[in-house]
Every structure is written in C-alpha cells, then in structure tokens.
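See structure below.
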Amino acid sequence: MFASVIVSVSSNSVDRLFTYKIPDSLVDTIRVGHRVFIPFGNRDIQGFVIEIKETADIDVSKVKEINRIMDGTPVLTEELIQLSKKIASYYVDRQISVIEAILPVALKTKSKTILKLSEHAGNEATVLFNELQKNNEVIVRNLDKDELKKIVPFMKSKELIEETIIAQHTKKKTNRAVRSLYTGNMPSERAVKQRELLEWIESEDAPITLLRIRDAGYSVQLVDALEVKGLVERVDVIVDRDPYDTRVFFESERHTLNDEQQIAYNKIKDAMIENRQETFLLHGITGSGKTEVYLETIEHALNKGKEAIMLVPEIALTPQMVHRFKARFGDDVAVLHSALSHGEKYDEWRKIKEGRASIAIGARSSIFAPFKNIGIIIIDEEHESTYKQGERPLYDARQVALWRAAYFNCPLILGSATPSLESYARSEKGVYKRLELKHRAKAQPLPETTIVDMALSRQEGNISIVSDILREKIIERIEKNEQIILLLNRRGYAHFLLCQDCGHVPMCPNCDISLTYHKSNGTLMCHYCAFETPVPNKCPECQSTAVTFRGSGTEKVEEILRDMFNTEVVRMDIDTTRNKGMHETLLSHFVEDNIPILLGTQMIAKGLDFPNVTLVGVLNADTTLNIPDFRANERTFQLLTQVAGRAGRGDKTGEVIFQTYNPDHYAILDAQMNRYIDFYKKEMEYRKIARYSPYYFHVLFTITSENFNHCVKASHDVSTKLLEHISNQSIVIGPSPSPIERIKNKFRFQILLKYRHEPALLEILEQLDQRYYVAYKKSGVSLRIDVDPQFIM
DNA sequence: AGCACGCCGACT
DNA sequence: GTCGGCGTGCTC
C-alpha cells in the first residue's frame with residue numbers, strides 16, 4: 001500500500017503530492033488525514049496523508065517508507081482536505097500553507113538538529129563541545145557562522161554525532177520570569193528601586209513573572225538594569241492554563257422570541273429541516289436581538305444531532321458574549337480566540353475533534369473547526385473586515401463558510417446591523433435570503449443622535465477636542481450616575497510632533513509615516529514597524545525648542561477628560577489591552593465600579609451591552625473617512641452606527657454625539673438618522689460609477705522591494721502581464737505607489753485589477769505568483785496577490 | 001590547485 | 001525550506 005503525502009515544507013516547488021510506502025505495521029491503522037513523519041531529502045519531516053492507494057505512480061525504487069504516524073487519529077477530514085485545496089487555488093497559495101492555517105499551530109513541528117559527543121571523540125573536539133554546549137547537547141540552530149565552521153571537521157570525522165529531533169510547539173504554557181542570582185553585593189545606595197525589586201525577587205522561592213513585576217509597578221527597565229549587573233536572570237516558567245475553568249456559569253433563562261425573531265428563526269429552521277444550503281442575511285438593527293435567533297438556531301441544530309460554528313469578530317469575543325453561550329450550552333461550547341495560548345487553542349480544538357463539544361465559537365480561524373456534521377454556520381457582524389485574514393493565506397472566512405455550508409448542505413447566517421454592500425446587494429438580487437429585525441428587542445427607542453460641527457465649534461473659540469455640547473452632556477450623565485462611552489479612533493498621545501519654526505515632523509526611518517508620541521513610555525513610535533526612539537526636546541532639523549504635539553490620541557484625551565471632569569476614566573486601546581485578560585479586567589472595572597467614562601478606539605464599538613450607558617460620543621468621526629480606500633465611507637457608516645448602538649440598551653433612553661469636520665457627509669448623516677437603505681443606495685451609486693465592488697471583483701497586487709528601481713520595474717512587468725492576458729472589459733489601475741510608500745524599509749507599489757468576468761484569471765494569477773516566487777530569490781522583489789482584498793492600501 | 005560563494009534543482 | 005552539486009572567480 002502507498003500513500004500520497006503532502007509535505008510540511010512551505011515552498012512552491014514541493015507543493016504537490018509525494019508517494020510513500022506504507023509499512024506493513026501501519027497498513028491497518030493509517031487513514032487519510034493522518035499526520036505522518038517521513039524521510040524527505042536527507043532529513044525527516046512531517047507530512048499529511050492525502051490519499052491511500054494500491055500502487056505507486058512512480059518508479060518504486062524512488063519510493064521511501066513512512067516512518068510513523070504522529071497522532072492516533074487523523075487530524076484532517078476528507079472535507080477539510082478538499083477545502084484546503086479549494087482555498088489554495090482560489091487565493092493563490094500553497095495547499096500545505098492552508099493546511100497549516102486550518103490546524104492549530106501546536107501541531108506544527110519545529111525540527112532541530114542537536115550534536116552530541118561521540119564515544120571516540122578526541123581531546124580537541126571535547127574542548128570545543130564543552131565550550132558550546134548547554135544541557136549536554138549543542139543545538140545547531142543556535143550557533144553562529146564561525147562556531148559552525150569550527151564544528152564541521154569534527155562532525156565529518158564522526159567525533160561529534162548529529163541527530164535531528166522534532167520538537168512540538170510548546171505544550172506547556174510558559175511565561176517570562178525573573179530569578180535572583182544575588183550573591184551578596186547589592187546595587188548602589190542610590191538605586192533605590194533596583195534594591196527594592198531585588199529584595200523582593202530574592203525573598204520569593206520561585207522566579208517572579210514579568211507580569212507580576214509590572215503589576216507591582218516596577219518597569220522592565222529596572223529588570224534590565226539588574227540583569228546587566230548580573231544580579232538576576234530571565235527564565236521561562238511553566239504556568240497553568242485554564243481559560244474558563246474556574247468560572248461558574250448558570251443556566252440562563254430562555255427569552256421567548258418576539259414576532260420578528262420568530263419569523264426569522266422559522267425560515268432558517270425550515271432550511272435546516274430540509275438540509276438546504278441557503279444563505280440568510282439577518283439584517284437587524286443594533287439591540288434587535290440577533291443573538292437570540294442564533295441561540296435558538298444552534299439549539300435546533302444540536303437537537304438534530306448536528307454541530308454549529310459561530311464566528312464573531314475578535315473584538316466582539318468578549319467575556320460577556322462567551323458567557324451567554326456558556327450559560328446556555330455549558331461544556332458543549334468550545335471557544336477559540338487569539339488570547340488563548342497555542343496549547344489552550346489545541347485543547348479547545350481537540351474538544352471539537354473528539355466530539356466533546358458541538359459548538360465552536362471564535363474568530364476567523366474557527367471556520368476551520370474540525371466538525372464532521374455541521375448543521376448551521378453563523379457569522380455575526382458579517383461586515384467586519386477581520387473575517388479576511390491579513391497575512392497569507394489571505395482567505396476570507398465568509399467565502400470559506402459558503403464552501404463548507406455547501407458541503408454540509410446547511411444554512412449559513414450572516415448577521416449584521418450594517419451589512420456589507422456585497423451581502424446586501426446579494427440579498428437584493430435574491431442570492432441571499434434577507435431576514436429583517438426592525439425593532440429593538442426590549443422596545444427601547446433608538447438613541448437620538450446629534451452632529452456637532454467641529455469647524456464651527458473652533459470658530460466659536462472652543463479648540464478643545466470636547467465640544468461644548470458634548471461637555472454639557474457628559475456633566476449631566478456624571479451627575480445622574482450614568483455612564484458614557486467615548487470613541488477616539490487614534491491611539492497614542494499625539495499623532496505627530498511638529499516643529500513650529502521649521503515645520504519638521506519626525507518620520508520613521510523605515511517607513512513613510514510620521515512617528516506617534518506615546519507619553520507613557522516617553523517615546524516616539526512607528527505604528528507600522530517596531531521602531532521606537534526617545535522624544536527629542538529640540539527639533540532635530542533646526543534645533544528649535546518650539547516642538548509641539550499635534551493630533552490627540554487616546555492617551556492624551558484620557559488626561560484631558562480626567563482634568564475636565566475630575567473623574568476616573570477607563571481607557572481601552574491596543575496599548576492598555578495588550579496583556580492577556582486586560583480586556584476583561586478593564587470592562588468589568590468600568591461596569592462594576594461604575595466608572596463614568598469609557599474611552600477607547602474602535603475595539604469598544606462592537607458588541608458591548610451596558611445598560612447604564614446612556615451617552616455615546618464620537619470625538620472625531622472623520623478619522624475613518626479620510627483613509628484612501630474605496631470602503632472608507634462604508635466603514636465610517638458602520639462604525640458610527642455600531643458605536644451609537646451602545647447607547648440606551650437598558651431602560652434609560654440613550655443619546656449620541658458625533659463630532660465631525662464633515663457634517664454634511666452622507667456616511668455621517670445616514671448613520672445619524674439610522675438610514676441603512678439610504679446609505680446603501682448612495683454608496684452603491686458611487687461604487688457603480690467608480691467601478692468598485694460589488695459591481696466589480698478585485699485583485700490587489702502589491703509589489704515590494706528594498707530596491708526602488710527593482711520595485712518599479714517589477715510593477716510594470718506585472719501590469720504588462722495582466723494587460724496582455726485579461727479581457728478588455730477588465731480594468732487595471734496602476735502601478736502606483738501604495739498609500740504608505742515604504743514600510744519596514746521596503747518600497748511598495750500596487751496594482752488593482754477590477755473585473756466582472758475573467759475566466760482565465762486563476763491561471764494568470766498562478767503564473768504571476770510562480771514568476772515572482774522565482775524573482776524574489778533573485779532580486780528580492782516580492783509580489784503579494786490579494787484576491788477579494790478588504791483593504792486597498 | 002584549493003576553496004569560498006552563489007545559483008539551481010531535487011526532494012517520493 | 002534545506003541540502004548538495006556545480007561553476008565561477010579569487011587567493012596563495
């Protein structure tokens with residue numbers, strides 16, 4: 001017996017099947033989808049069985065034997081194998097890369113070569129070995145060039161023996177921690193903080209995690225200082241993992257569906273009963289109780305003995321939401337999201353695969369949940385761009401959901417208060433069945449929205465980021481003990497630094513973007529690469545001291561609000577939620593301690609349901625409007641509508657303020673009046689004229705290189721190739737420099753292909769991909785092909 | 001001649 | 001991705 005195996009090597013040249021002999025001992029156990037350990041070239045690697053067959057299709061003398069299977073049961077089903085092929089082909093990527101995206105990272109292996117001392121090693125080899133070894137072995141990967149060179153002769157003479165081992169991705173969860181190396185000499189008298197910290201570390205038996213150190217108010221720099229002095233060292237410690245174990249969930253009482261919800265549910269249920277693949281667009285205004293419909297639908301699937309997948313945007317994967325599902329379905333729910341460690345994700349994945357959970361809830365990649373009998377797939381907030389993966393493989397979970405639903409003959413629900421234009425257009429055409437929820441579930445009125453013209457506010461003498469109207473409303477709420485959510489879509493302290501004398505703005509040396517000032521760590525940071533530099537006190541160009549901060553970010557506004565209202569503020573942005581669990585901690589702090597103001601970036605716009613929030617303010621409704629992307633209007637409309645929906649979800653009526661410099665823009669006006677259809681029509685008109693999605697399909701080509709000329713040349717080459725092969729109804733825009741012309745020291749050019757019908761497209765894309773796969777190695781030019789891009793940047 | 005280096009093709 | 005084979009060209 002033989003097996004067709006796809007090997008775990010990400011290279012175009014091996015993205016095909018290799019035939020291996022199945023050893024007699026495995027003939028009875030091995031199945032399609034098994035992970036196997038195989039000899040490949042001169043090393044041993046991992047692969048996946050794609051097919052089992054009687055005969056080999058190549059010369060048997062070339063065929064090697066599978067070493068062993070790596071798991072008791074197959075990790076991939078037939079369906080997932082087919083799916084991986086489909087995704088690889090549609091998004092122009094390698095099947096192995098897709099398979100690796102489908103499986104939890106814990107199943108990826110890292111091999112490492114270690115050296116050991118041979119029995120007949122001479123003195124010289126022993127000395128060298130002792131010099132390089134750690135734990136009685138030398139890890140080749142960790143050696144530098146010179147060290148490698150020294151080793152080679154001994155390896156050839158077999159004085160050192162080498163061995164390749166496969167290391168699983170961490171199964172145990174580790175955290176960085178600090179251990180004392182204290183031997184009696186303290187840091188100097190003046191280094192008070194250092195002494196304090198060292199004493200603490202010294203007093204504990206076990207290493208203290210950096211997390212605890214930071215929580216206790218010591219900076220990482222202090223640890224660095226102690227480390228430099230050789231008084232402490234950093235180590236990894238193993239910590240327990242139990243994402244939701246310790247919490248108790250109570251059976252939640254079931255809400256009865258209202259008429260609208262019942263009608264929607266019945267339609268979906270009928271499709272489920274008939275095993276019909278039908279896509280429903282559940283268009284329900286914020287607070288209309290879409291989740292109730294989801295819960296009922298999932299329950300119905302479970303009663304039929306089937307499974308359910310529910311996707312939510314990462315930011316909506318709040319404890320609040322998880323709690324609701326856990327309360328209803330208990331342990332039947334597996335939750336997958338980015339805050340989990342590799343090991344935790346692997347645990348949840350196994351729950352699904354082994355049938356211990358029938359519901360998978362999670363972000364984008366949960367669409368790959370290894371179920372065998374899916375009865376319903378739900379995508380909540382379907383308009384969110386997070387369903388499209390931003391790195392390779394560049395798949396869109398909405399598209400994958402369609403494919404999986406088709407395979408299982410089950411309905412797919414796309415839910416949103418502000419459906420993407422694509423989905424709504426399909427519902428208009430009858431491709432999707434539209435279901436409407438037009439009323440808020442608890443019959444609360446939608447909040448009243450006021451638009452504040454900030455230009456006018458400035459003319460009237462208020463240059464603050466908080467307009468008079470908003471300030472009054474905030475004071476009012478604080479007095480009434482009600483809560484406020486403020487949205488500011490810009491993190492950091494100041495957007496950029498400006499020299500008032502020469503107009504100089506410090507830029508990132510690696511990217512064409514201004515540096516953002518972060519006050520908390522006193523640095524200028526680039527939001528596109530990791531560049532960080534201390535804030536200059538003089539203009540680096542003209543030495544003037546008249547440098548000012550411009551464009552307020554959340555960090556600064558937090559200060560302003562504290563001063564202005566003399567109150568506590570909870571700030572939520574990437575910077576305050578970077579550490580695990582902070583998201584949850586900040587939100588419960590806001591709710592339980594009844595903090596008056598929650599200030600945040602767009603992560604606070606979605607899914608939060610706080611009854612005591614009666615005022616929502618958008619400090620600058622324009623930030624998303626000015627982004628050079630054809631979806632900028634749509635995103636602005638969606639964001640404003642979503643965030644406005646956070647107000648007045650309890651018994652008290654809500655109120656919303658949009659501060660803007662574009663008070664007449666239809667995206668803002670329609671969001672104010674909650675006119676989805678009006679917005680849809682106007683935006684469709686624009687898309688039609690400008691020939692954008694949904695009228696056209698897109699492929700975005702991004703060409704990057706450190707060498708400007710290579711970049712330009714390759715860009716023209718790509719556009720020439722495209723123009724040669726596509727029909728004359730398609731449009732090629734560019735090449736043009738990307739909106740950010742340089743990121744991480746690489747020049748960027750882009751080409752946008754717009755087409756309606758292009759039968760040979762796949763072939764052209766594959767050719768281009770192949771061509772630039774080769775080109776990249778030669779001249780360092782890379783081509784990224786993004787099919788159905790979400791961002792044209 | 002001896003070897004460092006980069007390119008290319010093969011890997012079942 | 002990684003390795004080895006091979007040709008080019010530099011140095012002793």
Side-chain angles (χ1 to χ4, degrees), chain A residues 1-24 26-27 30 32-70 81 84-85 88 93-101 103 105 107-115 139-153 155-157 160-169 391-393 706-707 710 769-784:
Chain A
M1 293 292 272
F2 298 90
S4 298
V5 172
I6 187 157
V7 296
S8 246
V9 175
S10 309
S11 174
N12 280 12
S13 48
V14 287
D15 189 33
R16 58 197 165 89
L17 298 177
F18 287 87
T19 304
Y20 282 86
K21 179 166 187 336
I22 302 172
D24 294 343
L26 284 178
V27 167
I30 200 163
V32 166
H34 252 127
R35 203 157 61 111
V36 287
F37 197 48
I38 43 164
F40 191 68
N42 57 351
R43 59 212 167 109
D44 289 336
I45 57 164
Q46 140 176 327
F48 298 91
V49 177
I50 300 299
E51 200 185 353
I52 291 176
K53 53 195 181 181
E54 294 281 339
T55 51
D57 43 15
I58 58 155
D59 189 352
V60 192
S61 66
K62 289 176 96 180
V63 174
K64 291 183 185 171
E65 219 174 58
I66 289 171
N67 292 338
R68 58 184 172 90
I69 53 174
M70 300 177 74
I81 292 173
S84 70
K85 203 165 179 190
D93 212 322
R94 299 173 206 113
Q95 191 179 1
I96 188 61
S97 314
V98 178
I99 289 176
E100 280 173 355
L103 296 172
V105 263
L107 290 181
K108 260 204 245 176
T109 53
K110 282 196 290 187
S111 69
K112 59 177 180 182
T113 307
I114 59 168
L115 297 177
I139 300 164
V140 173
R141 176 156 31 92
N142 297 346
L143 300 177
D144 66 30
K145 254 191 168 173
D146 292 341
E147 290 172 331
L148 259 176
K149 259 188 230 163
K150 279 192 230 161
I151 273 181
V152 175
M155 280 167 63
K156 282 197 174 145
S157 64
L160 294 175
I161 47 172
E162 79 182 293
E163 187 180 338
T164 303
I165 62 163
I166 292 273
Q168 293 273 344
H169 268 249
E391 55 204 60
R392 291 183 75 171
E706 291 192 12
N707 181 309
H710 286 173
D769 182 58
Q770 200 57 45
R771 190 183 169 84
Y772 278 89
Y773 171 69
V774 177
Y776 184 68
K777 288 185 169 174
K778 271 202 188 123
S779 59
V781 177
S782 80
L783 171 68
R784 169 186 156 116

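Just so we're on the same page: letters track the sequence lines, and every chain starts at 1. What you are looking at is a predicted structure, and each value in this text was computed from that prediction instead of being measured. For the numbers below, each heavy atom of this structure counts, side chains included, while hydrogens, waters and symmetry mates do not.
Note on A:Val63: only backbone sugar-phosphate atoms sit closer than 4.0 angstrom, heavy atoms only; bases stay farther off. Among the protein residues, A:Arg16 comes within range of the nucleic acid bases, having at least one heavy atom under 4.0 Å from a base atom.
Between A:Lys64 atom NZ and B:dA10 atom P there is a gap of 15 Å when expressed in whole angstrom units. If you measure from atom CD of A:Glu51 to atom C1' of B:dT12, you get 14 Å, rounded to the nearest angstrom. Counting to the nearest Å, the C1' atom of B:dA10 and the CG atom of A:Asn42 are 11 Å from each other. Taking atom CZ of A:Phe18 as the reference point, atom C1' of C:dG1 lies 12 Å away to the nearest angstrom. The distance from atom CG of A:Asp59 to atom C1' of B:dT12 is 11 Å, rounded to the nearest whole Å. One atom, NZ of A:Lys108, and another, P of C:dG1, lie 12 Å apart when rounded to the nearest Å. Counting to the nearest Å, the P atom of C:dC3 and the CG atom of A:Asp44 are 13 Å from each other. A straight line from CG of A:Asn12 to P of B:dC11 spans 17 Å, rounded to a whole angstrom.
To the nearest 0.5 angstrom, A:Ile30 atom CD1 is 5.0 Å from A:Ile22 atom CD1.
A 4.5 Å side-chain heavy-atom check between A:Ile96 and A:Val7 finds every atom pair outside the cut-off. Within the 4.5 Å cutoff, no side-chain heavy atoms of A:Thr19 are placed close to those of A:Lys62. Between A:Ile81 and A:Ile99 there is no side-chain heavy-atom pair separated by less than 4.5 Å.
Stacking here means ring centres nearer than 5.5 Å and ring planes tilted less than 30 degrees, and by that measure A:Phe40 does not stack onto B:dT12.
With hydrogens and angles ignored, a donor-acceptor pair closer than 3.5 Å exists between the side chain of A:Ser13 and the base of C:dG1.
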